[in-house]
2 protein chains.
Amino acid sequence: MVARERLSVRKLAAGEAVFRQGDRAAAVYVVQSGRIRLLRHLEDGSSVSVYVARPGDSFAEASLWAESYHCDGLADVPSVITAIPKSDLLGVLEDNPQAAMALARILAAQVRISRSSLELRNIRSARERLLAWIRLQAEGAPPTVVLDRPWTQIAAELGLTHEVIYRTLAALQGEGQITRTVRGIALAGPPITGQR
Amino acid sequence: MVARERLSVRKLAAGEAVFRQGDRAAAVYVVQSGRIRLLRHLEDGSSVSVYVARPGDSFAEASLWAESYHCDGLADVPSVITAIPKSDLLGVLEDNPQAAMALARILAAQVRISRSSLELRNIRSARERLLAWIRLQAEGAPPTVVLDRPWTQIAAELGLTHEVIYRTLAALQGEGQITRTVRGIALAGPPITGQR
DNA sequence: CGAAACGTTGACCGTTTTCAATTACAGTGG
DNA sequence: CCACTGTAATTGAAAACGGTCAACGTTTCG
């Protein structure tokens with residue numbers, strides 16, 4: 001592992017930059033709190049948001065292999081991040097095949113997660129999308145989801161407005177598809193019929 | 001490296017499958033020529049295009065740690081690919097940190113691609129979404145996109161119907177935001193003014 | 001040469017977004 | 001312990017936008 005004392009913590013005000021497109025790539029970051037937006041600038045002056053890192057997300061991993069950052073990293077809101085110096089991380093990876101493999105594995109998992117979010121987004125109907133999300137999150141019998149953050153946030157992740165979420169939730173409950181509890185929901189839908 | 005004789009080459013006709021969702025994961029692939037599209041199927045019969053591998057790109061790396069493929073691999077056009085047996089590759093990665101690093105690098109790139117698709121999907125408006133996509137793809141001055149596949153396919157990747165794409169394209173052109181050429185588009189509009 | 005797939009455009013319909021208003025809370029400082 | 005403030009949860013009504021269906025010209029490719 002990278003020694004604890006090599007990590008540094010940075011606090012950013014809303015609108016402050018972690019780094020700018022073109023800066024020498026020096027570290028990989030992890031968001032502790034707040035929100036960091038990666039922005040790519042075009043020759044004509046316009047810009048596109050390329051990724052939004054939320055608490056727990058890492059960002060600028062690609063800088064490990066790049067000379068300089070290829071986008072801006074801006075704090076949308078007041079944020080706290082941890083910086084892992086690039087050279088330290090590279091050092092560990094180079095003489096520890098286990099570590100490199102572990103990293104590859106983590107990245108592969110991220111690819112899968114990210115792709116499955118994409119899959120969810122491809123479901124047009126709000127109703128089906130929400131249902132699919134619940135099914136993905138649900139665990140146990142009966143399948144239950146424990147909510148650890150406000151619906152309002154989940155709505156955004158699903159690419160829907162919170163209003164639709166509430167409405168849909170109400171509808172699903174009305175149909176008896178789900179049951180809502182204090183901080184969770186349980187699937188009550190028709191079990192998958194017999195064998196074959 | 002994996003011994004040359006362990007690699008096998010496969011030629012695929014347009015539309016042919018490299019593997020199907022659920023098949024036992026046996027190899028990682030590299031595209032020599034053509035184009036391979038990874039497609040994930042949903043229960044309702046619809047599907048999402050999850051990644052497009054072009055010459056030089058590898059695909060199905062995640063299968064290294066998975067029992068079976070979680071999506072279809074289809075040749076869009078006649079293609080030639082090399083298959084690297086999973087076990088051989090794992091062997092190399094375990095005692096060659098360089099190789100493991102290289103893999104991590106590739107995966108990091110894929111994470112970036114996937115995240116950026118997700119970011120695109122977060123844009124509600126068809127108009128803004130398409131514009132953002134164009135900006136992402138565009139290169140040079142003036143920023144230009146060269147199309148290598150039908151709009152109909154791009155539409156699906158953007159999560160829009162082709163009709164909307166055509167309409168929006170027409171609208172954007174009418175406003176002078178873009179200029180359409182034979183197999184490409186150029187950004188011509190005034191840049192979006194402010195930051196944030 | 002003919003069948004598919006692609007490109008394009010119009011009209012209409014339905015779902016989601018938007019805007020708005022209200023209630024329920026959780027945290028905060030007096 | 002209680003107003004005070006901001007976020008979350010809800011629900012309604014109307015507008016907007018994208019989906020769907022349809023029809024037709026064009027290009028591609030076997």
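Nothing here was measured: the structure is a model prediction, and the numbers come from that model. The sequence lines fix the lettering, A, B, ..., with proteins before strands; numbering per chain opens at 1.
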Using a 4.0 Å heavy-atom cut-off, does [X] contact any base of the nucleic acid, only the sugar-phosphate backbone, or nothing at all?
X: A:T152; value: sugar-phosphate
X: A:R149; value: nothing
X: A:R183; value: nothing

Query raised in the report: So, B:R10 side chain and B:V18 main chain: donor-acceptor pair closer than 3.5 Å or not?
Result: yes
Query raised in the report: Would you find a donor on one side and an acceptor on the other, under 3.5 Å apart, between the side chain of B:R129 and the backbone of B:L158?
Result: yes
Report summary line: Note: A:V31 and A:I81 closest approach over all heavy atoms is CA-CG2, 4.1 Å
Atom pair distance, as rounded to whole Å: [atom1] in [X] and [atom2] in [N]:
X: A:I123; N: D:dG18; atom1: CD1; atom2: P; result: 20 Å
X: B:N122; N: C:dT17; atom1: CG; atom2: C1'; result: 15 Å
X: B:L172; N: D:dC17; atom1: CG; atom2: C1'; result: 15 Å

Between [X] and [N], is there a side-chain N or O to OP1/OP2 distance below 4.0 Å?
X: A:R124; N: D:dG18; value: no
X: A:Y166; N: D:dA9; value: yes
X: B:T161; N: D:dG18; value: no

Query raised in the report: Is any N or O donor-acceptor pair between the side chain of B:R127 and the base of D:dG18 shorter than 3.5 Å?
Result: no
Query raised in the report: Could a donor-acceptor pair under 3.5 angstrom be found where the side chain of A:R180 meets the base of D:dT10?
Result: no
Query raised in the report: Of B:A126 and A:A170, whose nearest nucleotide on DNA chain D comes first from the 5' end?
Result: A:A170
Query raised in the report: If each of A:G159 and A:H162 is mapped to the nucleotide of DNA chain C with the nearest heavy atom, which maps nearer the 5' terminus, i.e. the 5' end?
Result: A:G159
Report task. Ignoring the backbone of B:E163, work out which of D:dT20, C:dT16, D:dG19 is nearest its side chain. Result -> D:dT20
Requested in this report: Taking only the side-chain heavy atoms of B:P150 (C-beta and beyond), determine which of C:dG7, D:dG19, D:dT10 contains the nearest atom.
Outcome: C:dG7
Report summary line: Distance col, row A:Q98:CD vs A:M101:CE, nearest 0.5 angstrom, shows 7.5 Å
Query - Counterpart residues, ring pair (Phe, Tyr, Trp, His ring centres under 6.0 Å), relative to B:Y69 (two or more places apart) - result: B:F19
